[in-house]
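Notes to accompany the following structure.
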Number of protein chains: 2
Amino acid sequence: MAETREHRSHDERRRQLVDASVAVMTEQGVAAVTTRAVTARAGLPHGSFHYCFDSKADLFCAILEQELGRSIVAAFEPPATPVDPEERIAAGLRARLDQVIARPDYFLALAELSVLSHRDAELGRLARWEQAEYLREVTRNLDEWSRADGLEWSAPTPGVAALLIALSDGIAASWLVERNDAAAHESIRLAAASVSSLVSTSSTSITSPTTTTTPGGAS
Amino acid sequence: MAETREHRSHDERRRQLVDASVAVMTEQGVAAVTTRAVTARAGLPHGSFHYCFDSKADLFCAILEQELGRSIVAAFEPPATPVDPEERIAAGLRARLDQVIARPDYFLALAELSVLSHRDAELGRLARWEQAEYLREVTRNLDEWSRADGLEWSAPTPGVAALLIALSDGIAASWLVERNDAAAHESIRLAAASVSSLVSTSSTSITSPTTTTTPGGAS
DNA sequence: GTCTATACGTGGATAGAC
DNA sequence: GTCTATCCACGTATAGAC
């Protein structure tokens, strides 16, 4: 450990600079993310930048990798507590919207970075990969939840997952320009009502008969 | 008229530069839209830029105004030929996707410009206004179409229109990163099936009984 | 291995020539 | 009114000092 201390410093610098970049990006937009601004924000000398990153594109790769990966972790996460499909879908969509509402500037910056990534080959690959990963994750959670509650979809779940992603993205994007909470929540309500028409509760659900016996709070 | 000839030249220059900007933006991204690149593209001297625009932000305003306005014109346009709700919704969503597929780089640039606009107060106002205008247009067309076919929605049409916009935006955005035609069309299929569950054909539709008599090709 | 000083290119905006 | 030459600020990247 004592010998690797110098190397560890190098990796820590990278993380430090990435975090500083995210801060600048969030507050002032992607255009404001310059090597000078980032290093100044991190309290490091300007020269340290090209000591940690090959180029600015390299930095953006690191940012995209870290932040998009972070977004994936809690995507349409499983059961929570078994509720009817419509409410479950609404909850999933609402979770994402709530994140955006809580940190609008951050997600605005992320959106900026996403569209920007398509201009660069390397960044584009990364963005596509993350998107695919995200779809897999949502599909996985959707499957898990459907199996647990004994639900069947009138279409393959990857397709349903893609639809849910498009919906949450679209609603979030719309909120970002309008900042209209009521309208966004109405969209979610309608979306949940719509999408739930694709699901049919199969008769195999043994655990939950006509009346669900959920111990605890039942509203 | 003879007296205003000089002024007309000025306005024509503006349009000329805006068009050049859109071209550059489409081919190389918003970041490449510099005063020099734009004037060069337009075949004009660099100095002519600040002769037509107060600043670069002023140019972006003009671009946003022109291009977003252009997007609105054909938004979920009315009847076409009366078909069932699900097919009609799918057609509306498909129309937008087809536009994006036909000119991906253009819409990518437009997306770039949209997210970028939120960093500037003036541009933000413009983007919001255009978005509201777009919602009004879709709602208007939705109302018209529904009335013509005697349809009733289980929710106010502005809410439905907002959902449709979010859907088409989300699906288009998803396509822009994946470039997966099949997946996008599957999303549209599912979306149309979902949303059509919100509509109930009222008994007032006299023109179209159980079997529609459409002259011409009936596949 | 860590940081400073600097080179080099570019962009936005302007003053002044035609 | 139209265009040229130029200014100044900033951004990336590097060579070399500590």
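In what follows, every chain begins at residue 1, and chains take the letters A, B, ... in the order their sequences are listed. For clarity, every value in this text was computed on a predicted model and none was experimentally measured.
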Note: [X]-[Y] ion pair, threshold 4.0 Å (strictly below):
X         : Y         : value
Arg140(A) : Glu137(A) : yes
Glu133(A) : Arg136(A) : yes
Arg70(A)  : Glu130(A) : no

What is the distance, to the nearest angstrom, from the [atom1] atom on [X] to the [atom2] atom on [N]?
X        : N       : atom1 : atom2 : value
His10(B) : dT2(D)  : NE2   : C1'   : 11 Å
Leu44(B) : dG1(D)  : CG    : P     : 17 Å
Phe53(B) : dT14(C) : CZ    : C1'   : 18 Å
His46(B) : dA15(C) : NE2   : C1'   : 14 Å
Phe60(B) : dG11(C) : CZ    : C1'   : 12 Å
Leu59(B) : dG12(C) : CG    : P     : 10 Å
Asp11(A) : dT2(C)  : CG    : P     : 11 Å
Arg14(A) : dT2(C)  : CZ    : P     : 14 Å

**Report entry** His50(B) (side chain) and dA15(C) (base): donor-acceptor pair under 3.5 Å
**Finding:** no
Report task. Ignoring hydrogens and angles, answer whether the base of dT12(D) and the side-chain atoms of Arg36(A) contain a donor-acceptor pair closer than 3.5 Å. Result -> yes
Query raised in the report: In what stems does DNA chain C take part, counting only runs of at least 3 consecutive Watson-Crick or G-U pairs whose two distances fall under 3.5 Å?
Result: C:1-18 with D:1-18
Query raised in the report: Does Arg179(A) CZ have over 12 foreign heavy atoms under 6.0 Å away?
Result: yes
Report summary line: Out of dC3(C), dC3(D), dT12(D), minimum distance to the side chain of Pro45(B) belongs to dC3(D)
Report task. Any salt bridge (Lys or Arg N to Asp or Glu O under 4.0 Å) involving residues 24-43 of chain B? Give me the pairs, sequence neighbours left out, ordered by first then second residue. Result ->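 Qualifying pairs: Glu27(B)-Arg41(B).
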Query raised in the report: Is the shortest heavy-atom distance from the side chain of Ser194(B) to the side chain of Leu163(A) under 4.5 Å?
Result: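 They are in contact (side-chain heavy atoms under 4.5 Å apart), so the answer is yes.
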Requested in this report: Go through Tyr106(A) and Gln99(A) one step at a time and tell me if the side-chain hydrogen bond (donor to acceptor under 3.5 Å, both in side chains) criterion holds.
Outcome: CA-CA 10 Å; Tyr106(A) 169 75; Gln99(A) 282 186 345; over 6 Å; no
Query raised in the report: When all nucleic acid strands are considered with a 4.0 Å heavy-atom cut-off, which category describes Thr35(A): base, sugar-phosphate, or nothing?
Result: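 If one applies the 4.0 Å heavy-atom cut-off, Thr35(A) turns out to touch a base.
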Requested in this report: Under 4.0 Å between any heavy atoms, over every strand shown, what does Tyr51(B) touch: base, sugar-phosphate, or nothing? Just pick one.
Outcome: base
